[in-house]
Structure formats: structure tokens, C-alpha cells
Trainee: 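Okay, handing you the structure first.
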Amino acid sequence: MIVIDGPAELSGELKVQGAKNSTLPLLAATVLCRGQTVLHNCPRLSDVDTAVRILEHLGSRCHWEEGSLVVDNSMTCCQVPPDLMRGMRSSIVFLGAIVSRCGEAELTFPGGCELGPRPIDLHIEALEKLGVEIQESGGCLHCRAPEGIQGTYISLSFPSVGATENVILASVCSQGTTIIANAAREPEIIDLCAYLNRCGGRVYGAGESCVIIDGVKELFGCEHTVMPDRIATVTYMAAAAVTGGNVTLRDVDNTHILPMLSPFEQAGCSVRQLGRALNIMAPRRLNAVRHIRTMPYPGFPTDAQPVVMSMAAVGRGTSIFVENIFENRYKHAEGLQRLGAKIKVEGKVAIVEGVEQLRGAPVTACDLRGGAALVVAGLAAQGRTLVEGEEHIRRGYEDLAGSLADLGARIREVEDSPGKME
Ligand code: EPZ
């Protein structure tokens, strides 16, 4: 668990980690590339460990060289065992890459954060259009592409991030041209396509809603630097905001942060974007963040909703949240209420009446970003907050507690029960 003695006042500088949601599809993409890939700025996370274990099971050799992950690709197997599939949701993006490389793949339904139903129908429909035959039996997906992957026109009914990545990965080495309409536009898709193109792929329009993929014969591994993690960035910004802090974040891509700036401005923070750095200065007491509606990029991201709710919990006035992406993404509200927040949740809407002071209490992280939100709220709370379920947080943050401690928070990870802590 994570133990926080609040309230904190954060100050100082921090380098932001590489993006989890970019690294996972990049690792799946290495399946398509002959030879060696070196991923620089690769975050050390438990989800990355799971992806590495999948790659090793498939026959690749992986090792770390300081902050870089080296993957030597050689495919000896086209199955992903159920325990690794269950480990995380993005294990599903291995499907497109494996079936394209081997002509077949066998895996089970993926796991991941419990954010409500997370179907993979869009992935399956799109792969079938590309010529993949998929049979399901007992939770296992048996996939074959007897004629190879055939380029085609795919129109996604929703701009799903994972389905867009899966189609790109399946079709980058294929016969013909694939066009994806209503593709997801998230920056992580741009990062994936930049890597694939550097490896010899021909993918055009990444970051737009129409992506065109001219199939090539083969790809060769290369060196690539993982983009900065925009959700880790906004998490540290929220931590600075709730503590009246003054924090400078380095290695930030400021263009990715723009869709998330409005609640910080509404709350009264001053945010200065300086090249690849960002400085945030927060007032003693935040204002409400007003109205947040989560949307696909370039809208306000669902992954940032929980940490911004922690800001709203201590802001002066009422804030309204509408969660449009996942059905069950307010689990952190219960933990925030335990800390004294006033939150009413009804379906996809949450109404937050900001209170002057939160009080420390034991709380449980139910998912990755919800866990981060509880840590952020714990920094603002008077007294001791214990956040259990730290394993969720480790999936996406490289040493969250250590980084916040470097900024002056009294926070640490402990293995033991609270009674034995002192
Ligand atoms: C990615 O998940 C991210 N994960 C999530 O980050 C993020 O919350 C999400 O995109 C939305 O931005 C990774 O990149 C590894 P989707 P993904 O497919 O790809 C529905 C985090 O905390 N849908 O865009 O799974 C789905 O149920 C995580 O870092 C279908 O109905 O998201 C959801 O309501 C959690 N059928 C919506 O689309 C499908 O076949 C968005 O899902 C696929 C998706």
C-alpha cells in the first residue's frame, strides 16, 4: 500500500516517464519486425513486464539497458497463454501482429482494469474484414489467415484506440491498401505509426480520423523513443494543483496536454508551457473545475477524469463530470467520499461539491487511474491516508510514490499492515 501523511506542498522538478499506452502497442509491433528493436524512454511498469513475458513466450529475447528495452525478435510460437492475456487489456493488440506475422494466432479474451464491459467486437469485425477467420470456443480465439492479410476499407463505428491499433498492426505487412475510417486519433497511435514507418512500413494519416496503410512485405527493427506519458503528466499536475504547489515537469509533449488544460485554468492554476517543459503554480485554494465531458482525443481523456475529480473535491464550488467512454469509471468516488469529498454519482454523471479540507483515511484503489486519484487526494488530506491496491497503480506509474516524495510529499510504499508501519 501507499502511505501518505498530508497535507503536502509540492515543489521542484520532475522528469515525466514514457507513455504506457504507447509502449504496449509498440511492443506488440516488434512481433512484425525482423531483427532488433531498441525502445528508449521505456517505462518500467508491471504492464510492460507482462508484455515482455508475452514476447518471450512468442520466442523473442528481451533485456533492459538502463532506460531502454531491447527486443530481439524471433517467432517460435503463435499462442499467448491465458494467464498473460488476463494480465492486461492491451494484450489484445498482439492478435493483429501475431496473425499477420504467422498466419495464425491463438489467444483468449483479455483482462485489464474493471471499467465496465470492455468488448472486443470492433477488433474482431475489423480483423475478419482483413481476411482473418476467427473461431471462438471456451473463451479461446482461434485465428487463421489462410490467404494472408488482404487490404480493405474498414469503418469503425466508434474510434476505439485498441481496434485502430490492431487493424494497423494486422495490415502494415499485407497485400494491398487498408483504409480505416473513424480511426482513433490519440497521440499513442501517431507514436506507433512513427515506429512502424521507421521500420519500413507505409502508414499515412496517423492522428487523423482516416488512416491509410499501404501493405509492405516486411519490417526491420529500429531504435525508437517512446513518447512522454500525457496521463502521468496530468497526474503530477493534479498533485501540484491540490497541494498549492509549484512544480516543473520535464520531457512533456505540450501539444498533448492542451485538451486537458481547461480544468486547471478553471481551478485558478497558472500553467506555463515552455518547450518540452511545463510549469504549474497553484493557488492556496482551488476553484471548481466546472464541467468535464470525457471524449475520444482531442476531447478530454477518460484516463484524466479521476485525478481531475480529486481537484474538484477540494475546489470552491460545484463541478460536473460526464463520463462518455467507460460505463464504470467512477469507482474512485467511493474512496474520495471516505476522505470527506462530497460526490453524487448517477449513471454517467458525477456532481462534486468541493469541500475546504479532506481528512486522511484508509481507502482502496480499484483500478489504475482511480488509484492515482486517491493518492492525489491523499496529498491534500489532513492526516494519514493509506491507499491499498497499489498493484493497480504500478501497472501504469513508474514509482508514483517516489516521484511525489522527490517533490516534497511525505509518502512511501509499505509492504506491511498499517499497525507495523512505524
Ligand atoms: C485505451 O483502451 C487505453 N489503453 C485506455 O487506457 C483508455 O482509457 C482508452 O483507450 C480510452 O482512451 C491502452 O491504450 C492500453 P477503446 P482501449 O478501445 O483501447 C468500447 C489506462 O488507464 N469498445 O478506445 O481498450 C469500449 O468498451 C487505460 O491507461 C467496444 O465497444 O479503449 C469503451 O467503451 C484504461 N468494442 C470504448 O469503446 C470494442 O471492440 C473505448 O475503448 C472496443 C472498444
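Remember, it's 1-based here, ligands and their atoms both numbered in the order they're listed.
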Trainee: What part of H123, side chain from CB on, backbone N/CA/C/O, both or neither, has a heavy atom under 4.0 Å from ligand 1?
Mentor: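 The answer is both.
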Trainee: Are N279 and T248 linked by a side-chain donor-acceptor pair shorter than 3.5 Å?
Mentor: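 Their side chains do contain a donor-acceptor pair, which is all the 3.5 Å distance test asks for.
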Trainee: Side chains of D214 and T177 only: does a donor on one sit below 3.5 Å from an acceptor on the other?
Mentor: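 Yes, side-chain donor-acceptor contact under 3.5 Å.
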Trainee: At under 4.0 Å between heavy atoms, is it the side chain or the backbone of L122 that contacts ligand 1, or both, or neither?
Mentor: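 For L122, the contact with ligand 1 is made by both the backbone and the side chain.
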Trainee: Any N or O on P159 sitting closer than 3.5 Å to an N or O of ligand 1?
Mentor: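 Between P159 and ligand 1, no N or O pair is found under 3.5 Å apart.
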Trainee: So is V161 polar-close to ligand 1, meaning N/O to N/O under 3.5 Å?
Mentor: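 There is such a contact, yes.
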Trainee: Could an N or O of ligand 1 be found under 3.5 Å from any N or O of R89, whether backbone or side chain?
Mentor: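 Yes.
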Trainee: Is E165 in polar range of ligand 1, meaning some N or O pair under 3.5 Å apart?
Mentor: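 For ligand 1, there is no N or O atom that lies under 3.5 Å from one belonging to E165.
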Trainee: Using a 3.5 Å cut-off on N or O atoms only, is L368 in polar contact with ligand 1?
Mentor: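 Not met; the criterion fails.
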Trainee: Which is closest to atom 32 (O) of ligand 1 by heavy-atom distance: F326, Y297, F158?
Mentor: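 When every heavy atom of F326, Y297, F158 is considered, F326 comes closest to atom 32 (O) of ligand 1.
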Trainee: Which pair of heavy atoms, one from L14 and one from S403, lies closest together, and at what distance?
Mentor: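 Residues L14 and S403, closest heavy atoms: CD1-CB, 3.7 Å.
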Trainee: Using atom types as modelled and distance alone, determine if a side-chain donor or acceptor of Y330 lies under 3.5 Å from a backbone N or O of K348.
Mentor: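 Present.
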Trainee: Has ligand 1 got any nitrogen or oxygen that is less than 3.5 angstrom from a nitrogen or oxygen of S90?
Mentor: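 No - when backbone and side-chain N and O of S90 are compared with those of ligand 1, no distance drops under 3.5 Å.
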Trainee: For ligand 1, which atoms have a heavy atom of K20 less than 4.0 angstrom away?
Mentor: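 Going through ligand 1 atom by atom, the ones under 4.0 Å from K20 are 21 (C), 29 (O).
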Trainee: Side chains of Y397 and R369 only: does a donor on one sit below 3.5 Å from an acceptor on the other?
Mentor: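 Present: a donor and an acceptor within the cut-off.
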Trainee: Between G207 and R185, what is the shortest heavy-atom contact and its length?
Mentor: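 Closest pair (atom of G207, atom of R185, distance): O-NE, 3.3 Å.
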Trainee: Could you tell me, atom by atom, which parts of ligand 1 come under 4.0 Å of a heavy atom of G162?
Mentor: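 Reading through ligand 1 atom by atom, the close ones are 18 (O), 19 (O).
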Trainee: Output the list of atoms in ligand 1 that are nearer than 4.0 Å to some heavy atom of R329, sorted by atom number.
Mentor: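 Result: 8 (O), 22 (O), 35 (C).
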Trainee: Does a donor on one side chain and an acceptor on the other come within less than 3.5 Å for S137 and H142?
Mentor: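 Per modelled atom types, S137 and H142 side chains form a pair under 3.5 Å.
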Trainee: Side chains of H392 and E390: is there a donor and an acceptor less than 3.5 Å apart?
Mentor: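 Side chains of H392 and E390: no pair found under 3.5 Å.
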Trainee: Quick check: I325 and ligand 1, any N/O pair under 3.5 Å apart?
Mentor: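 Min N/O separation from ligand 1 is below 3.5 Å for I325.
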Trainee: Out of N328, D47, T302, whose heavy atom sits nearest atom 11 (C) of ligand 1?
Mentor: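 Heavy atom nearest to atom 11 (C) of ligand 1 belongs to T302.
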Trainee: Any chance the side chains of E188 and H256 put a donor and an acceptor closer than 3.5 Å?
Mentor: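 There is no such pair (donor and acceptor under 3.5 Å, judged by atom type) between the side chains of E188 and H256.
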Trainee: Based purely on interatomic distance, does P119 place a nitrogen or oxygen under 3.5 Å from a nitrogen or oxygen of ligand 1?
Mentor: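 Such a contact does occur with ligand 1.
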Trainee: So, T302 and R329: side-chain donor and acceptor under 3.5 Å apart, yes or no?
Mentor: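 Their side chains do contain a donor-acceptor pair, which is all the 3.5 Å distance test asks for.
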